Amino acid sequence: MKTDIDYMSMAIDLAKSAKGQTSPNPLVGAIVVKNGTIVGMGAHLRAGEPHAEIHALKMAGNQAVGSTLYVSLEPCSHHGKTPPCTDAILSSGVRKVVVATKDPNPLVAGSGVDKLKDAGLEVVVGIQEQEAIQLNEVFFHYVQTSRPFVTLKTASTLDGKIATCTGHSRWITGVASREEVHDLRRMHDAILVGVGTVLSDDPELTARHAGSIAGKQPIRIILDRQLRTPLNARVTQCEDAKTWIITTSASSQKKTEELTAKGVMVITLDGELQINHVLAVLGERGITSLLVEGGAEINAAFLQAKAIQKIISYVSLKLVGGKAAPSIFGGIGYASMDDAVRLVHTEIKPIDEQDIRIVGYPQWM
Ligand SMILES: Nc1c(/N=C/[C@H](O)[C@H](O)[C@H](O)COP(=O)(O)O)[nH]c(=O)[nH]c1=O
Ligand SMILES: Nc1c(N[C@@H]2O[C@H](COP(=O)(O)O)[C@@H](O)[C@H]2O)[nH]c(=O)[nH]c1=O
Ligand SMILES: [Zn+2]
């Protein structure tokens, strides 16, 4: 006999199956169970399309009467691009609703649960809550701060270098790690690098390799105070992916026009490029998840601004040495070891015989 936890785990797995497709909406999965039999299931697939509950209830049909609905996020109770799920649940005859976690979207935030309870349904909240919160770490951050959830991805040697003293960097990590990074890029609304990386690596910043969701390429964002991005840089070829260059009023109007003519979106901010201001602008433009890929000065700027929610570090078990070789974080740095930022909820995993991956969440004081 399956338990509430079994069914909720299935709903969460269903939600996960649409990872990378639903932005700016959350990932949600739903299962309808009648007398121990699954009679309907569904996942939210794309923003603007039906919610997970609607798919599951549709599949259940009149088997939903007297059933239990398991859903990984509190059913919505407002009219967004789609009608409220609570209305559909109430008219379906569902008797009991099990919710993994409440929806922090100010438009919902407990009102979905209240509506169902007021209508006399049995409602249970908190089954597999931690898993459900982790699943939507991006959406929960964005909907509460209106800023993108920032993941910093780094790739370095064991001695912390992101290139040799001559600037050579291809490659530090192996194919398996680099494949994972392409998957990671695909899951993000945008990738951000500094113009230094464009000048040194001339990266394409697209999610290539197997399985890329057709046509879905993250937006490439370049922080470039004086518009030094070369007109022939690969990131200015806009056939496969959009490119936004964020600059300041110090940059030349002529270069702005030349880049714009190539299809690049040049966004000019007043004054200096402050990370938190850049994030507010990206949030306003609907960027809910941002993958920062360095280099050292950009990484340092995000560290200094305490603007990193998650770090994914690939460390290659090789050594290059060199005082002049750039390390993961440039900038001034902290004076005292006591000021070091600690990572929590860490996971350390070997990728292959040469690389390990460290994932953690900076604990900002
Ligand atoms: N040099 C390495 C990295 N280097 C990352 C650079 O910032 C830049 O993204 C690369 O040049 C990849 O560019 P493209 O978008 O694939 O054309 N990143 C890694 O994960 N491993 C490495 O060895
Ligand atoms: N995707 C999803 C929910 N998403 C919630 O609804 C909001 C989007 O509404 P709309 O614009 O109509 O798609 C979104 O911000 C989040 O609060 N809710 C649910 O009950 N089930 C779902 O599957
Ligand atoms: Zn809904």
Side-chain angles (χ1 to χ4, degrees), residues 11 14-15 18 21-30 42-57 69 71-89 97 99 102-109 111-113 136 139-140 142-144 153-157 161-164 167-182 184-185 191-194 196-198 200-209 217-218 220 233-235 240-241 288 291-296 298-299 312-316 318 351 354-355 357:
L14 268 172
Q21 296 184 193
T22 63
S23 178
N25 281 1
L27 295 161
V28 186
H44 182 51
L45 300 177
R46 249 174 300 280
E49 292 188 3
H51 285 181
E53 301 92 316
I54 306 304
H55 286 305
L57 289 172
L69 171 69
V71 59
S72 61
L73 182 70
E74 174 186 11
C76 67
S77 50
H78 70 292
H79 277 265
K81 297 194 198 79
T82 65
C85 286
T86 41
D87 296 358
I89 292 169
V97 178
V99 171
K102 288 196 174 174
D103 180 348
N105 180 345
L107 292 170
V108 190
S111 61
V113 165
N136 277 311
F139 172 74
F140 284 14
Y142 180 70
V143 85
Q144 294 174 90
K153 170 257 160 187
T154 73
S156 67
T157 59
K161 306 296 185 182
I162 61 171
T164 67
H168 189 252
S169 69
R170 285 197 173 131
W171 291 95
I172 302 161
T173 54
V175 174
S177 301
R178 296 204 311 270
E179 284 266 328
E180 276 198 10
V181 170
H182 279 259
L184 197 57
R185 288 178 171 179
I191 306 175
L192 184 146
V193 297
T197 295
V198 174
S200 61
D201 294 1
D202 193 22
E204 232 177 285
L205 294 183
T206 51
R208 303 182 300 279
H209 301 288
Q217 284 292 348
R220 300 172 296 191
R234 291 202 291 175
V235 287
D240 297 338
T288 68
L291 182 65
V292 174
E293 291 203 40
I298 287 292
N299 293 350
I312 302 180
S313 269
Y314 290 88
V315 177
S316 187
K318 52 178 84 162
I351 297 296
Q354 75 149 35
D355 296 343
R357 183 188 66 211

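Please read these numbers as outputs of a predicted model, since none were measured by experiment. All ligand and atom numbering here is 1-based and tracks the order in the structure.
Annotation: atom 10 (C) of ligand 1 to nearest protein heavy atom, Arg170 NH2, 3.6 Å. Nearest protein heavy-atom neighbour of atom 15 (O) of ligand 1: Leu205 N, 2.8 Å. Ranking the protein heavy atoms by distance from atom 13 (O) of ligand 1 puts Pro203 CB, 3.3 Å first. Considering only non-hydrogen protein atoms, atom 15 (O) of ligand 2 sits nearest to Asn105 ND2, 3.0 Å. Remark: minimum distance from atom 23 (O) of ligand 2 to any protein heavy atom is reached at Ala52 N, 3.0 Å. From the protein, the heavy atom lying nearest to atom 8 (C) of ligand 2 is Asn25 OD1, 3.5 Å. Of all protein heavy atoms, the one lying nearest to atom 4 (N) of ligand 1 is Asp201 OD2, 4.2 Å. In terms of protein heavy-atom proximity, atom 2 (C) of ligand 1 is closest to Trp171 CE3, 3.6 Å.
The ligand atoms of ligand 2 that sit less than 4.0 angstrom from a heavy atom of Lys81 are 10 (P), 11 (O), 12 (O). The contact set between ligand 1 and Glu293, taken as ligand atoms under 4.0 Å from a residue heavy atom, comprises 7 (O), 9 (O). Each of the following atoms of ligand 2 lies closer than 4.0 Å to a heavy atom of Phe139: 14 (C), 15 (O), 16 (C), 17 (O). Interface of Cys85 with ligand 2, defined as ligand atoms under 4.0 Å from a residue heavy atom, comprises 20 (O). Atoms of ligand 2 lying under 4.0 Å from any heavy atom of Pro75, numbered from 1 in the order shown and given with element: 20 (O). Interface atoms of ligand 2 facing Gly80, defined by a heavy-atom separation under 4.0 Å, are 10 (P), 11 (O), 12 (O). Proximity to Thr82 (heavy-atom distance under 4.0 Å) selects the following atoms of ligand 2: 10 (P), 12 (O), 13 (O). Contact atoms of ligand 1 toward Glu204: 14 (P), 15 (O), 17 (O) (distance under 4.0 Å to a heavy atom of the residue). Those atoms of ligand 1 with a heavy atom of Arg208 less than 4.0 angstrom away are 14 (P), 15 (O), 16 (O), 17 (O). Every atom of ligand 2 with a heavy atom of Val28 under 4.0 Å away is listed here by number and element: 1 (N), 2 (C), 21 (N), 22 (C), 23 (O).
Of the N or O atoms in Ile172, one or more lie within a sub-3.5 Å distance of an N or O in ligand 1. Residue-to-ligand polar distances keep His79 apart from ligand 2: every N/O pair is separated by 3.5 Å or more. In terms of N/O distances under 3.5 Å, ligand 1 is approached by Arg234. Inclusion of Leu73 in the set of residues having an N or O under 3.5 Å from an N or O of ligand 2 is not warranted. Residue Lys153 has at least one N or O atom closer than 3.5 Å to an N or O atom of ligand 1. Remark: ligand 1 and Thr173 share an N or O pair separated by less than 3.5 Å (distance only, no angle test).
The part of Ala155 lying near ligand 1 is the side chain, judged by heavy-atom distances below 4.0 Å. In Cys76, the parts holding a heavy atom less than 4.0 Å from any atom of ligand 2 are both the side chain and the backbone. Of the heavy atoms in Arg185, only side-chain atoms (C-beta onward) come closer than 4.0 Å to ligand 1. Residue Asp103 touches ligand 2 through its side chain alone, judged by heavy-atom distances below 4.0 Å.
Of the candidates Arg178, Arg357, Glu180, Tyr314 forms a side-chain hydrogen bond (donor to acceptor under 3.5 Å, both in side chains) with just one, namely Glu180. When the options Val181, Ile298, Asp201 are evaluated for a side chain to side chain contact (heavy atoms under 4.5 Å, CB included) with Glu293, the one that passes is Val181.
A salt bridge does not link Lys81 to Glu49: none of the charged nitrogens lies less than 4.0 Å from a carboxylate oxygen. Residues Lys102 and Glu74 are not paired through a salt bridge, judged by the lack of any N-O separation under 4.0 Å between the basic side chain and the carboxylate.
Taking each heavy atom of Lys161 and Ile172 in turn, the nearest pair found is O-CD1, 4.3 Å. Between Gln217 and Ala241, the shortest heavy-atom distance links the atoms CB-CB, 3.8 Å.
Note: Ile162 CD1 to Ser200 OG = 8.0 Å, rounded to the nearest 0.5 Å. From His44, atom NE2 reaches atom CG of Leu14 across 14.0 Å, with rounding to the nearest 0.5 Å.
For the pair Asn105 (side chain) and Leu107 (backbone), a donor-acceptor distance under 3.5 Å is present. For the pair Ser177 (side chain) and Thr173 (backbone), a donor-acceptor distance under 3.5 Å is absent.
Nearest-heavy-atom check against atom 7 (C) of ligand 2 across His78, Glu74, His44, Glu53 picks out His78. Considering only non-hydrogen atoms, atom 2 (C) of ligand 2 lies nearest to His51 out of His51, His55, Arg46.
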### Message
Run Leu291 and Leu192 through side chain to side chain contact (heavy atoms under 4.5 Å, CB included) and show every step you take.
### Response
CA-CA 6 Å; Leu291 182 65; Leu192 184 146; over 6 Å; no
### Message
Show, in sequence, the C-alpha distance, side-chain angles and deciding distance for Ser77 and Thr86, and conclude whether the side-chain hydrogen bond (donor to acceptor under 3.5 Å, both in side chains) test is met.
### Response
CA-CA 5 Å; Ser77 50; Thr86 41; 5.2 Å; no
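Residue Thr197 places a heavy atom less than 4.0 Å from ligand 1. A heavy-atom separation below 4.0 Å is found between Pro26 and ligand 2. In this structure, Ser169 is part of the shell of residues with a heavy atom less than 4.0 angstrom from ligand 1.
At the Zn ion (ligand 3), the angle from SG in Cys76 to SG in Cys85 is 120° when rounded to 10°.
Side-chain contact annotation: Ser316 with Asp355, donor-acceptor N/O pair under 3.5 Å present.
Closest to the Zn ion (ligand 3) among the N, O or S atoms of His51 is ND1.
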